[in-house]
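Here the structure comes first, spelled out in structure tokens, and everything after it is commentary.
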Amino acid sequence: MSGEIYLARSKSIAARMLGDEMMVMSSRDSTLFSLNPVASIIWNAADGLTSLNEIVTTRICPAFDVEVNDALRDAETFARELAEHGILLLSEAPIERSGHSPQERK
């Protein structure tokens with residue numbers, strides 16, 4: 001993806017932390033995801049204001065032995081998959097608390 005990507009958790013999901021993994025279910029299609037520790041870090045950091053690049057460089061790479069470019073590519077793939085199920089919201093601009101970025105409302 002060119003440029004920054006911001007992500008926020010959808011309000012129409014069910015989620016629960018079990019050990020070091022997050023279980024997330026989409027209310028749209030009842031798809032259940034078991035997020036590993038890396039994906040759980042991304043999920044927990046998805047506040048709409050923090051870019052995926054920042055999450056990867058400040059939280060993923062220091063905690064795991066992974067190159068930034070590899071981690072960012074994998075994180076983008078993960079984020080897009082969850083967005084397809086309505087679990088994450090993605091935007092090229094920070095996402096306001098209402099759940100919509102300024103660009104998404106245009």
Side-chain angles (χ1 to χ4, degrees):
M1 173 178 239
S2 60
E4 294 287 343
I5 180 174
Y6 294 85
L7 34 117
R9 294 179 299 273
S10 171
K11 294 179 182 176
S12 59
I13 54 93
R16 171 170 251 153
M17 195 73 171
L18 297 172
D20 61 353
E21 294 187 2
M22 178 68 70
M23 301 297 293
V24 182
M25 187 176 81
S26 168
S27 63
R28 181 188 330 168
D29 60 11
S30 297
T31 305
L32 182 65
F33 290 87
S34 175
L35 308 184
N36 66 27
V38 174
S40 294
I41 290 171
I42 295 170
W43 171 261
N44 287 321
D47 62 4
L49 303 174
T50 308
S51 72
L52 185 57
N53 185 56
E54 183 178 344
I55 294 167
V56 167
T57 58
T58 64
R59 299 179 190 197
I60 304 283
C61 290
F64 300 90
D65 185 23
V66 62
E67 294 292 324
V68 172
N69 290 337
D70 294 336
L72 190 54
R73 182 182 59 245
D74 291 346
E76 286 180 15
T77 300
F78 162 74
R80 289 186 185 285
E81 181 179 353
L82 291 189
E84 288 175 11
H85 292 278
I87 292 173
L88 282 178
L89 306 173
L90 304 182
S91 178
E92 293 179 358
I95 300 170
E96 298 174 3
R97 292 218 179 253
S98 66
H100 301 286
S101 73
Q103 290 179 344
E104 290 174 328
R105 286 196 301 243
K106 289 183 180 178

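Note that the numbering runs from 1 along the sequence shown for the chain.
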Does any N or O in the side chain of Ser26 come within less than 3.5 Å of the main-chain N or O of His85, such that one atom is a donor and the other an acceptor?
yes
Does Ser12 have any side-chain contact (heavy atoms from CB on, under 4.5 Å) partners at least two apart in sequence or in another chain, and if so, which?
Ser10, Ser27
Please examine the side chains of Ile13 and Phe33, heavy atoms only from C-beta on, and report whether any two atoms are closer than 4.5 Å.
no
Side chain of Arg9, backbone of Asn44: donor and acceptor closer than 3.5 Å?
yes
Distance col, row Ile42:CD1 vs Thr50:OG1, nearest 0.5 angstrom, shows 12.5 Å
Heavy-atom pair of closest approach, residues Leu35 and Leu82:
CD2-CD1, 4.4 Å
Of all heavy-atom pairs between Met22 and Ala15, which one has the smallest distance, and what is that distance?
SD-CB, 4.0 Å
Interatomic spacing from CG in Asp70 to CD1 in Ile60 - rounded to 0.5 Å:
13.0 Å
When rounded to the nearest 0.5 angstrom, what is the spacing between CZ in Arg80 and CG in Leu90?
6.5 Å
For the residue pair Met23 and Leu32, what are the closest heavy atoms and their distance?
CE-CD2, 4.0 Å
Rounded to the nearest 0.5 Å, the CD atom of Glu67 sits from the CG atom of Asp74 at a distance of 12.0 Å
Would Phe64 end up clustered with Val56 when hydrophobic side chains under 4.5 Å apart are linked, directly or stepwise?
yes
Measure from the side-chain N and O atoms of Arg28 to the backbone N and O of Ile87, and report whether any donor-acceptor pair falls under 3.5 Å.
no
Can you tell me how far the OH atom of Tyr6 sits from the CD atom of Glu96, to the nearest 0.5 Å?
13.0 Å
Indicate whether the side chain of Asp29 and that of Thr31 have a donor and an acceptor atom separated by less than 3.5 Å.
yes
Linking I/L/V/M/F/W/Y whenever any side-chain heavy atoms sit under 4.5 Å apart, do Val38 and Leu88 land together?
yes
With rounding to the nearest 0.5 angstrom, report the CH2 to CZ distance, Trp43 to Phe78.
8.0 Å
